[in-house]
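As structure tokens, the structure follows; a few thoughts come after it.
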Amino acid sequence: MKIFIAGATGAVGSRLVTQLVARGHEVVGTTRSAARTGALRALGAEPVIVDALDPDSVADAVAKAEPEVIVHQLTALSGPAGLKSVKRMAAATNRLRTEGTDHLLAAGRAVGIRRFVAQSNALWMERTGGPVTDESGRLEPNPPPDGAEAVAALRHLEESVTGISWAEGIALRYGGFYGPGTGMSAAPDAVMAAQIRRRKFPIVGGGGGVWSLVHIADAASATVAAIERGTSGIYHVADDEPAPVHVWLPELAHALGAKPPRRIPAWLVRPLAGKAAVDTMTRARGISSEKAKRELNWTPAYPSWRTGFTQGLE
């Protein structure tokens with residue numbers, strides 16, 4: 001099967017290339033930088049330079065590739081952790097989830113693809129109900145003002161992708177990524193890990209927000225399963241142990257050889273980091289991945305972040 005991966009050099013994309021090539025698929029992978037084409041070739045993909053926000057660039061690349069499946073893994077979330085840079089990366093990612101999604105869908109329809117798989121995430125599940133939700137749960141309808149654009153972009157992506165009738169449209173709501181190539185890894189340049197080591201990633205308030213986590217290799221293997229067997233709709237992709245921030249964050253700090261995270265009142269963090277950041281730390285809900293296991297025959301190699309933190313950060 002020929003597969004077009006938009007965002008093939010990202011955390012999920014690069015592992016996805018490796019796993020798909022190993023399974024005998026032909027992969028075309030996009031990058032914004034000519035400097036990264038060699039890395040894609042080394043992984044076994046055919047590289048193509050694409051500006052995902054230019055509809056002509058996207059249409060031309062997809063038309064030349066003539067894929068059966070398009071995989072949308074485009075984000076702009078890698079970079080320094082400063083407040084200005086985070087806002088800039090978030091704004092760019094929102095555009096990739098709206099305009100970028102629209103361009104890829106139009107290009108895919110033009111060449112007659114049969115499946116479209118896109119990256120969403122589970123951080124903004126509706127803040128009502130129990131601590132964990134399945135795919136029947138919806139995205140938060142009333143997010144804090146500084147999180148509204150991000151939630152609107154996720155909603156646009158999910159509705160646009162799962163609403164197509166001319167192919168199987170699949171949105172994958174991933175849990176928080178950890179492992180090599182992510183912000184939560186043992187690498188010295190891992191942004192979130194560096195903050196944890198400097199005790200600059202605190203437990204906010206009671207740290208009661210429930211996060212679902214997923215090792216990056218498991219996120220990729222679930223995506224492979226969706227590419228090969230998925231049907232239209234949403235699938236949750238995370239491990240089997242959703243946990244409050246105040247439970248998993250100290251364990252991650254310990255695994256990184258760091259001191260325990262500080263605890264800071266929500267009222268003190270809110271003016272500095274914003275209401276959205278506080279909301280995710282105190283009110284987030286976890287997800288259940290039983291549908292992906294049942295329908296995609298997917299099994300995570302790290303069913304709990306506990307073993308993932310001790311064995312899978314390198």
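This chain uses plain numbering: 1 for the first residue, then up along the sequence.
A continuous path of ILVMFWY side-chain contacts below 4.5 Å connects Val245 to Leu123, so both sit in one hydrophobic cluster.
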| field | Stepwise side chain to side chain contact (heavy atoms under 4.5 Å, CB included) test for Phe201 and Met281 | value | CA-CA 11 Å; Phe201 196 96; Met281 295 288 280; 4.1 Å; yes

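Using cut-offs of 30° and 60° for the angle between ring planes, the Trp248 and Trp211 rings count as tilted.
With sequence neighbours excluded, the residues that form a side chain to side chain contact (heavy atoms under 4.5 Å, CB included) with Ser212 are Ala238, Pro242, Ile287. For Ala258, the side chain to side chain contact (heavy atoms under 4.5 Å, CB included) criterion is met by Ile196, Arg197, Ala253, not counting sequence neighbours. When the side chain to side chain donor-acceptor pair (under 3.5 Å) test is applied to His72, the partners found at least two apart in sequence or on another chain are Thr101. The side chain to side chain contact (heavy atoms under 4.5 Å, CB included) check on His156 picks up Thr98, Asp102, Ser160, with sequence neighbours excluded.
Remark: side-chain polar atoms of Arg199 are not paired, donor with acceptor, to backbone N or O of Lys259 under 3.5 angstrom. At distances below 3.5 Å, at least one donor-acceptor pair connects side-chain atoms of Glu140 with backbone N or O atoms of Arg127. Under a 3.5 Å cut-off, the side chain of Asp134 and the backbone N or O of Ser288 do not form any donor-acceptor pair. In terms of modelled atom types and a separation under 3.5 Å, the side chain of Thr37 and the main chain of Pro47 share no donor-acceptor contact. A side-chain donor-acceptor contact under 3.5 Å links Arg115 to the backbone of Ile227.
Atom CD1 of Ile164 is separated from atom CD1 of Ile170 by 9.0 Å, given to the nearest 0.5 angstrom. Here the straight-line distance linking atom CD1 of Ile113 with atom CG of Leu105 works out to 7.0 Å at 0.5 Å rounding. Here Ile49 contributes atom CD1 and Ser33 contributes atom OG; the two are 7.0 Å apart, rounded to the nearest 0.5 Å.
Between Arg294 and Glu290 there is no salt bridge, since no side-chain nitrogen of the basic residue lies less than 4.0 Å from a carboxylate oxygen of the acidic one. Using a 4.0 Å cut-off between a side-chain N of Lys or Arg and a carboxylate O of Asp or Glu, Arg23 and Glu228 qualify as a salt bridge. Under a 4.0 Å N-O distance rule, the pair Glu126/Arg138 qualifies as a salt bridge.
Within a 6.0 Å sphere centred on CD of Gln19, heavy atoms belonging to other residues, nucleotides or ligands number more than 12. By the neighbour-count criterion of 12 heavy atoms within 6.0 Å, atom NZ of Lys291 is densely surrounded, having more than that number from other residues, nucleotides or ligands. Residue Glu295 places its CD atom among more than 12 non-hydrogen atoms of other residues, nucleotides or ligands, all under 6.0 Å distant.
The list of salt bridge (Lys or Arg N to Asp or Glu O under 4.0 Å) pairs with a residue in residues 231-255, not counting sequence neighbours, reads Asp240-Lys293, Glu241-Arg306. For the side-chain hydrogen bond (donor to acceptor under 3.5 Å, both in side chains) condition, the pairs that include at least one residue of residues 161-173, sequence neighbours left out, are Glu158-Arg173, Glu168-Ser232, Arg173-His236.
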